[in-house]
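All chains are named by letter (A, B, ...) in the order of the sequence lines, taking the proteins before the strands, and each is independently numbered beginning at 1.
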Amino acid sequence: MTMKVKILYFASLREAVGQSGEELELPAGVETVGALRAHLAGRGEGWQALAAGRNVRAALNQRMAGADVPIGAGDEVAFFPPVTGG
Amino acid sequence: MTMKVKILYFASLREAVGQSGEELELPAGVETVGALRAHLAGRGEGWQALAAGRNVRAALNQRMAGADVPIGAGDEVAFFPPVTGG
Amino acid sequence: MRPQVSVQEADFDVGAEIAALSAGRPEVGAVASFVGLVRDVNDGSGVRAMTLEHYPGMTERSLTDIIEQAKRRWSVLGMRVIHRYGRLEPTDRIVFVGVASSHRGDAFAACEFIMDYLKTRAPFWKREETPEGARWVDAREADDSAAARWAEDGTGDAVDESWEEVEQRR
Amino acid sequence: MRPQVSVQEADFDVGAEIAALSAGRPEVGAVASFVGLVRDVNDGSGVRAMTLEHYPGMTERSLTDIIEQAKRRWSVLGMRVIHRYGRLEPTDRIVFVGVASSHRGDAFAACEFIMDYLKTRAPFWKREETPEGARWVDAREADDSAAARWAEDGTGDAVDESWEEVEQRR
C-alpha cells in the first residue's frame, strides 16, 4: 500500500532546504508529523533547519499541528518558521 | 465689589429651568459651585431640577467641578445632566 | 497643520482621516480607529432621529484634554477626534477616533481610552425622537465603568463622580 | 455577498471597507478597525521594502477560523479581514481588520483579538530588504503574549506552542 504525502516548505525553511515542496512516499515507521520532521532533518546539510531545537512549526492539511499528530496517505504537511504576519 | 458670574444650563436641565444661561450677581455667602447650585434650586418650580438628590454635573470655566470648588467674579459655571456623547 | 479635534455639524471622510494619520510617516505601523453611528433602537424604543447638544468651548477643551492624557499614557504618533452635533438619523456617523502608533497595542489602547472617556466626560447630550415622543438619553452605567477601568489613582475622576456621592461623603 | 476574508496583492480602500460594515444596517452603532502599515525601521535597521510570503489555502482558512472564533466570543454584526502579500514598501498598507457591533466594547475587543491571533497564527512571513541585505523577520515574543491573553482554556493554543516545549514535556 502506497503512503504518499505532499510536503510544503515556507519562508526561511524553504530557502534552507532548497525547495518549496515535494511528494514523498512515507518510509516505514514515519507515522506522525514529528517523525516526518525527524526523517527529513536526517537528510543533512540544509535539512538541519528541521532538526530538533530549531524553532519550526507545522501544519497538517492546512491546520497547525503538533509533533504527535498522526499522518496518513494523501495528507498535506507543511513546515515553516513561526509566522510573522500583519 | 461686584461678583458677577455667567451661568449656563444644558440639555434636560436647560429645558427644566427654561433658559440656556444668565448673568448673576452672587448673593452673599454663595462661594462654591455647590452653594450656587443650592441657591438656584431655591428658586422653586423648574429649578428643583438642581435640587440635592438630582443627578447633576457642573463645570467651572469649562472644566468638570465638584460641589466644593470655589467660584469668583467673572467665572463661567455650567450645570447639566451626565453626558451622553459618542 | 491639521487640527487634532473637530466639533462640527458636517459629516466626515473616514478613509481620508485614517490615511492622513500615516501619510508620509513611515514610522507609523498601526492605525486603530473607531466610528460611532446612530442606531435605530435604544433601550427598546425605535429611534427615528436624534439631536446632539454640546457645550461649545468646553467640548473642544475636554476632547483636547483626553488626547493629552492618551499621549502621556501610550506611545502614539498621531491622534484625531471628530464629533458631530445637531440632528442625526440612524446610520449617520456621530464620532471618529483615530490613533497612529508604531505598534498596534498602543494604538488600540489609546483609541479605546479616548472613546471611553469621551462617552463619560465630553459635554454632549443626546435627545432621541421615538414613536412615543422625544426623550433625553440617560447616561449608561456601562459607560462609567468602562471609563473607570482606566483610572490610575482616582484623582482624575474625582470631579466626575455624581454630586450625591460627594454630598454623602461629607 | 461580500467576502469576509481576502488575501490579495492589491491595495484596499479603507473608507469603503468601513462604510460597507454599517451600510444599510441601522443596528450597527460601532465600527472598530485597524490598519497595519509597513514601517521603515524594524529592530534598528532601515527597511527599504519587504516581501510577504504566505501559504495559499491555509491563509484563508486560518483567517476564517479566527473570525469564527471572534463571532462565538463577542456580539458582532459584521467582520472583514484583508491581508496583502507580495512586495510592499514603507507606508504601504498590509492588513485591514474591521468589526461592526451594536456596542463599542465588543467591536474593539473582537478587532484586537483578530489582530493578535492573525499575528501569531496566520501563515505569513516577512522578508525585509535592509542596507545590510535581505533578512527574514523573527517572530516577536510580544506578539505571542498578546495572543495568549485571549486563551480561555489553552486547548486552542496547544498546537501553537513551539516544538521544543512539546518535546521537553515528553
Identify which of C:A30, C:G15, C:P90, C:A19 forms the greatest number of heavy-atom pairs closer than 4.5 Å to chain D. C:A30
Enumerate donor-acceptor pairs with a distance under 3.5 Å from any side-chain N or O in residues 20-28 of chain D to protein atoms, sequence neighbours excluded.
| unit_1 | atom_1 | unit_2 | atom_2 | d |
| --- | --- | --- | --- | --- |
| D:R25 | NH1 | D:L77 | O | 2.7 |
| D:R25 | NH2 | D:L77 | O | 2.9 |

Checking heavy atoms, do the side chain of C:V38, its backbone, both or neither come under 4.5 Å from chain D? backbone
Most contacts with chain C, counted as non-hydrogen pairs under 4.5 angstrom, among D:G98, D:A32, D:S33, D:S102: D:S33
Between C:F108 and D:F108 (judged by ring centroids, cut-off 6.0 Å), do the two rings come close enough to count as a pair? no
Heavy-atom side-chain proximity of C:R104 to D:E112 below 4.5 angstrom: no
Among the options C:A100, C:C111, C:G105, C:A107, pick out the one with the most heavy-atom pairs lying under 4.5 Å from chain D. C:C111
Between atom CD1 of D:I18 and atom CZ of C:F34, what is the distance when rounded to the nearest 0.5 Å? 11.0 Å
So which of C:V14, C:V99, C:V35 has the largest heavy-atom pair count under 4.5 angstrom toward chain D? C:V35
